[in-house]
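These notes concern the structure reproduced below.
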Amino acid sequence: MLVLLTSVAHDSFVDTIRRPGLEWLTLGTDGSLQDGQGDTVDPDLAAPEIAWGTSDLFRPGAPIGKFFGLLRRAESLRWFQSPAAGYDSAVFAELAARGVRVTNAHVNSLPIAEFVMRAVLEEFQGAAEWRDQAFRHSWRIHDWQEVSGTTWMIIGLGGIGTEVARRARAFGARVIASRRSPSADDPTDLTVTPDRVLDTVGQADVIVLAAPATAATADLVDAGFLARVKPGCLLVNVARGSLVDEDALLAALDDGRVGVAVLDVFRTEPLPAGHPFWTHPSVRITPHNAAGGRGRLGRQAELFAANLDRFLSGAPLLNDVTDLINQGG
């Protein structure tokens with residue numbers, strides 16, 4: 001059985017994923033394709049049954065286009081393991097529609113939750129002012145906002161939202177979250193269904209977007225949503241750019257309804273050089289890098305190894321989102 005993976009993933013984790021009967025088809029950083037004996041393989045003739053996508057594909061200059069192009073052409077493909085939680089890609093929809101099993105990964109929840117906490121602490125504590133003072137050799141104190149006693153609204157209580165909620169509560173925050181099926185086990189003070197978000201968002205000092213991109217969440221944060229928020233709130237988007245009406249957000253930032261927007265994702269990526277977000281004084285931009293914790297790489301390998309055993313034995317796969325993709329989210 002032939003497994004497609006990058007040469008980076010193979011060299012790093014082959015001992016973790018080696019199984020009897022498996023052969024490797026490795027995609028090099030230069031885009032070349034080789035079999036297990038090191039011989040060059042014509043991409044048009046490659047016939048992998050399994051494909052493992054890993055985070056190194058998203059590094060600058062990585063052959064991500066060739067990897068997904070091969071998936072699209074490979075009629076032999078039966079299962080694709082993604083390294084990410086999101087499954088809104090057109091490629092995923094194409095694979096699922098033709099019967100390929102698609103599994104996602106929640107291995108990025110920890111670094112994304114840490115990213116959110118860092119971003120909020122930086123804004124609450126005025127860390128930029130300290131850095132500026134250090135640069136100017138200026139010794140001046142200031143008071144700052146504590147997380148304890150604030151209210152957070154987390155939209156989307158999946159893997160990412162859950163980890164954010166746990167950390168925010170550990171800091172003493174009151175946490176409200178939304179999900180389709182609230183549970184008594186949710187790590188929140190209150191969980192509401194999506195139809196109640198507008199009724200509760202006005203309580204939040206911090207709003208964290210952590211929901212998947214679906215038809216139901218497109219332009220969720222629009223002018224109507226922003227009219228309901230607490231004036232001066234902090235908005236953090238680690239979900240997808242499609243959740244936010246960017247023009248409406250800019251208007252809300254200009255009039256102070258939103259105090260600061262921490263944005264790791266955008267409708268168009270990379271963010272165009274002339275976009276007003278770049279120069280807005282109340283916007284903090286990161287290049288879709290919230291999931292960049294190094295520990296995710298080992299967790300990706302552990303998940304793929306566990307799912308590989310399931311696939312080879314005919315057991316249900318972990319994090320199988322094929323049906324959700326075919327149903328439109």
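Residue numbers count from 1 along this sequence.
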Which atoms form the tightest heavy-atom contact between [X] and [Y], and what is the distance?
X: Ser55; Y: Arg296; result: OG-NE, 3.2 Å
X: Thr29; Y: Ser7; result: N-OG, 3.8 Å
X: Ala105; Y: Ser82; result: CB-O, 3.5 Å
X: Ala248; Y: Ala223; result: CB-N, 3.7 Å
X: Thr217; Y: Ala211; result: CG2-CB, 4.2 Å
X: Ala97; Y: Asn326; result: N-OD1, 3.5 Å

Within the distance-only criterion (no hydrogens, no angle test), does the side chain of [X] pair as donor or acceptor with the backbone N or O of [Y] below 3.5 angstrom?
X: Arg310; Y: Pro316; value: yes
X: Ser76; Y: Ala47; value: yes
X: Asn307; Y: Leu317; value: no
X: Trp139; Y: Ala134; value: no
X: Thr286; Y: His288; value: no

Can you list everything that forms a side chain to side chain donor-acceptor pair (under 3.5 Å) with [X]? Sequence neighbours excluded, please.
X: Ser32; result: Asp30
X: Arg299; result: none
X: Asn108; result: none
X: Gln34; result: none

Cluster question for you: counting only ILVMFWY and a side-chain heavy-atom cut-off of under 4.5 Å, with indirect links fine, are [X] and [Y] together?
X: Leu249; Y: Val283; result: yes
X: Leu33; Y: Ile50; result: no
X: Val14; Y: Leu297; result: yes
X: Ile17; Y: Leu77; result: no
X: Phe92; Y: Phe67; result: yes

Could you go through residues 227-244 and list every donor-acceptor pair under 3.5 Å that involves a side-chain atom there, pairing it with any protein atom two or more places apart or in another chain?
{"residue": "Arg228", "atom": "NH1", "partner": "Leu198", "partner atom": "O", "Å": "3.1"}
{"residue": "Lys230", "atom": "NZ", "partner": "Asp205", "partner atom": "OD1", "Å": "2.7"}
{"residue": "Asn237", "atom": "OD1", "partner": "Ala239", "partner atom": "N", "Å": "2.9"}
{"residue": "Asn237", "atom": "ND2", "partner": "Arg240", "partner atom": "O", "Å": "3.3"}
{"residue": "Arg240", "atom": "NE", "partner": "Asp88", "partner atom": "OD1", "Å": "3.3"}

Exercise for the section: Quick one: which residue pairs count as a salt bridge (Lys or Arg N to Asp or Glu O under 4.0 Å) with a foot in residues 152-167, not counting sequence neighbours? Expected result: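 Output for this query lists Glu163-Arg166, Glu163-Arg167.
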Problem - Sequence neighbours excluded - salt bridge (Lys or Arg N to Asp or Glu O under 4.0 Å) pairs with any residue from residues 75-87 - result: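 Checked against salt bridge (Lys or Arg N to Asp or Glu O under 4.0 Å) - neighbours excluded - the pairs reaching residues 75-87 are Glu49-Arg78.
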Practice task
Would you please classify the geometry between the Phe68 ring and the Phe80 ring as parallel, tilted or perpendicular, with 30° and 60° separating the classes?
Solution key: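 Answer is perpendicular, since the angle exceeds 60°.
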Give the table of side-chain donor-acceptor pairs shorter than 3.5 Å for residues 145-160, with sequence neighbours excluded, one pair per line with atom names and distance.
{"residue": "Thr150", "atom": "OG1", "partner": "Val147", "partner atom": "O", "Å": "2.5"}
{"residue": "Thr150", "atom": "OG1", "partner": "Trp152", "partner atom": "NE1", "Å": "3.1"}

Handout entry: Within 6.0 Å of CZ in Arg196, more than 12 heavy atoms from elsewhere
Key =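 Result for CZ/Arg196: open.
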Handout entry: Over 12 non-hydrogen atoms of neighbours within 6.0 angstrom of CD in Glu269
Key =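 It does: Glu269 CD has more than 12 such atoms within range.
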Handout entry: Presence of salt bridge, Glu122 and Arg284, under 4.0 angstrom
Key =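 Glu122 and Arg284: not salt-bridged.
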Problem - Evaluation steps, side chain to side chain contact (heavy atoms under 4.5 Å, CB included), between Asp222 and Leu226 - result: CA-CA 6 Å; Asp222 58 9; Leu226 293 165; over 6 Å; no
Exercise for the section: Mind running side chain to side chain contact (heavy atoms under 4.5 Å, CB included) on Glu302 and Phe13 for me, showing each step along the way? Expected result: CA-CA 9 Å; Glu302 291 170 3; Phe13 300 112; over 6 Å; no
Tell me which donor-acceptor pairs under 3.5 Å the side chains of residues 169-176 have, and how far apart each pair is, sequence neighbours excluded?
{"residue": "Arg169", "atom": "NH2", "partner": "Asp189", "partner atom": "OD1", "Å": "3.3"}
{"residue": "Arg174", "atom": "NH1", "partner": "Gln203", "partner atom": "OE1", "Å": "2.9"}
{"residue": "Arg174", "atom": "NH2", "partner": "Gln203", "partner atom": "OE1", "Å": "3.4"}

Handout entry: Residues Asp219, Arg267; criterion salt bridge (Lys or Arg N to Asp or Glu O under 4.0 Å); working and verdict
Key = CA-CA 10 Å; Asp219 288 326; Arg267 299 185 84 91; 2.8 Å; yes
Evaluate the side-chain proximity of [Y] to [X]: yes if any heavy-atom separation is below 4.5 Å, no if none is.
X: Leu5; Y: Leu25; answer: no
X: Arg98; Y: Val100; answer: yes
X: Arg180; Y: Pro194; answer: yes
X: Asp323; Y: Arg101; answer: yes
X: His275; Y: Glu246; answer: yes
X: Val107; Y: Phe304; answer: no
X: Arg136; Y: Asp132; answer: yes
X: Asp199; Y: Val197; answer: no

Exercise for the section: Before giving the answer on salt bridge (Lys or Arg N to Asp or Glu O under 4.0 Å), spell out for Arg140 and Glu129 the whole-Å C-alpha distance, their side-chain angles and the decisive distance to 0.1 Å. Expected result: CA-CA 9 Å; Arg140 187 160 41 89; Glu129 185 174 344; 3.2 Å; yes
Between side-chain atoms of residues 56-66 and protein atoms elsewhere (two or more places apart, or another chain), which donor-acceptor pairs fall under 3.5 Å?
{"residue": "Asp56", "atom": "OD1", "partner": "Thr6", "partner atom": "OG1", "Å": "3.4"}
{"residue": "Asp56", "atom": "OD1", "partner": "Thr54", "partner atom": "OG1", "Å": "2.6"}
{"residue": "Asp56", "atom": "OD2", "partner": "Thr6", "partner atom": "OG1", "Å": "2.9"}

Exercise for the section: With sequence neighbours excluded, give me every side chain to side chain donor-acceptor pair (under 3.5 Å) pair touching residues 35-48. Expected result: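 Output for this query lists Asp44-Arg73.
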Handout entry: Phe135-Trp130 aromatic ring centre distance below 6.0 Å
Key =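 Not close enough - the centres of the two rings lie 6.0 Å or further apart.
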Practice task
Mind running side chain to side chain contact (heavy atoms under 4.5 Å, CB included) on Leu4 and Trp24 for me, showing each step along the way?
Solution key: CA-CA 6 Å; Leu4 171 67; Trp24 312 116; over 6 Å; no
Practice task
Calculate, to the nearest 0.5 Å, the distance between atoms CG and CG belonging to Leu22 and Leu308 respectively.
Solution key: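 One gets 5.5 Å once the value is rounded to the nearest 0.5 Å.
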Problem - Pairs satisfying ring-ring contact (aromatic ring centres under 6.0 Å, His included), at least one member in residues 184-231, at least two apart - result: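 Residue pairs passing ring-ring contact (aromatic ring centres under 6.0 Å, His included), neighbours aside: none found.
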Practice task
Would you please say whether a donor-acceptor pair under 3.5 Å links the side chains of Thr191 and Asp186?
Solution key: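 Yes, side-chain donor-acceptor contact under 3.5 Å.
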Practice task
Would you please test Leu303 and Thr103 for side chain to side chain contact (heavy atoms under 4.5 Å, CB included) and show each step?
Solution key: CA-CA 10 Å; Leu303 173 62; Thr103 52; over 6 Å; no
